Amino acid sequence: MNKHFALGLAAVSAIVLTGCSMPAQPAATAPAGDNRPTTSAPGETSSAEGSSSEPTAQDSGTLAFGATYAYEDGLSVTVGTPKPYKPREYAAGTEGFKRFIVVDVTVVNKTGSSWDPAMFHATLQSSNKEASEIFDSPTLEGPPSTTLLNGRETTFKLAFGVADPADLVLEVRPSFDRDPVIYLLES
């Protein structure tokens, strides 16, 4: 009887975990957290709030770099356009690569609760080869360690060693219970 109970519990757990994944939706505009510095005069719309030239989803789950993904629960992720990066002498992850890129990642939390950035994960493929994330402290700190309170935002940099900076596929998953987002260079 314990064997059947354990099998049943495992099946129910798998179903529950499968149903908990938060779907991603492209956002019309990038939301802002309460801690974003004000860059415009009162009454004016800042470029981040009023931009009508936001990239759009190429298909479900895929966006161009620079676009924002908004999850149904209120968490949103924006990955900026890749720029060339020069790692410092003692940076880790540079082995086997001669070209490097860096992107700014902004996460805005409007979920109604705190978000733990410890589960944030990103991988990149370049020219059909897995890229290598670069660890170059203090220049690149990666995702923050501090819990992001509701209504706040955080921005951090990620860098990668790549085979071809013109051929990038970046996969971002802000937590295990959210769908991944794929960012591509526009052609």
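Just so we're clear, the structure is a prediction, and the values are computed from it rather than from any experiment.
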Keeping to residues at least two apart or across chains, list the salt bridge (charged side-chain N to carboxylate O under 4.0 Å, His left out) pairs with something in residues 82-94. Arg88-Asp136

Ala122 versus Leu158, closest heavy-atom pair with distance: CB-CD1, 3.7 Å

Which residue pairs satisfy the salt bridge (charged side-chain N to carboxylate O under 4.0 Å, His left out) criterion with at least one member in residues 162-172, sequence neighbours excluded? none

Heavy atoms, side chains only, cut-off 4.5 Å: are Leu170 and Ile182 in contact? no

Working for side chain to side chain contact (heavy atoms under 4.5 Å, CB included), residues Phe120 and Val172: CA-CA 8 Å; Phe120 186 92; Val172 173; 3.4 Å; yes

Any side-chain heavy-atom pair from Leu124 and Val162 closer than 4.5 angstrom? yes

Any side chain to side chain donor-acceptor pair (under 3.5 Å) involving residues 118-132? Give me the pairs, sequence neighbours left out, ordered by first then second residue. none

Parallel under 30°, tilted from 30 to 60°, perpendicular over 60°: which one fits the rings of Tyr183 and Phe65? tilted

Is the closest basic N to carboxylate O distance between Arg178 and Asp73 below 4.0 Å? yes

Are the side chain of Asn150 and the backbone of Ser114 linked by a donor-acceptor contact shorter than 3.5 Å? no

When rounded to the nearest 0.5 Å, the distance separating CD of Glu133 from CZ of Phe160 is 4.5 Å

Quick one: side chain to side chain donor-acceptor pair (under 3.5 Å) partners of Thr147, sequence neighbours excluded? none

Measure the spacing between CZ of Arg152 and NZ of Lys110 and express it to the nearest 0.5 Å. 11.5 Å

Counting distance only, does the side-chain N/O of Tyr71 pair as donor-acceptor with the main-chain N or O of Asp179 below 3.5 Å? yes

To the nearest 0.5 Å, atom CG of Asn109 lies from atom CH2 of Trp115 at 8.0 Å

Criterion side chain to side chain contact (heavy atoms under 4.5 Å, CB included) on Leu184 and Leu168, from CA distance to verdict: CA-CA 6 Å; Leu184 300 170; Leu168 304 174; over 6 Å; no

side-chain contact (heavy atoms from CB on, under 4.5 Å) partners of Pro84, counting only residues at least two apart: none

Write down the atom of Ala131, the atom of Gly161, and the distance for their closest heavy-atom approach. CB-O, 3.1 Å

Whether the Thr106 and Thr78 side chains hold a donor-acceptor pair (N or O, under 3.5 Å, no angle test) is what I'd like checked. no

Pairs where residues 94-105 contributes a residue and the test side chain to side chain donor-acceptor pair (under 3.5 Å) is met, not counting sequence neighbours: Asp104-Lys157

Are any of the side-chain heavy atoms of Val77 and Thr68 separated by less than 4.5 Å? no

Non-hydrogen atoms of Pro165 and Ile101 that approach each other most closely: CB-CG2, 4.0 Å

Going by the rule ring pair (Phe, Tyr, Trp, His ring centres under 6.0 Å), which residues pair with Phe135 if we only count those two or more places apart in sequence or in a different chain? none

Show which residues join Tyr85 in its hydrophobic cluster (side-chain heavy-atom contacts under 4.5 Å, direct or indirect), or state none. Phe97, Phe100, Val102, Ile134, Leu140

Below 4.5 Å, heavy atoms only, C-beta onward: do Val107 and Phe156 meet side chain to side chain? yes

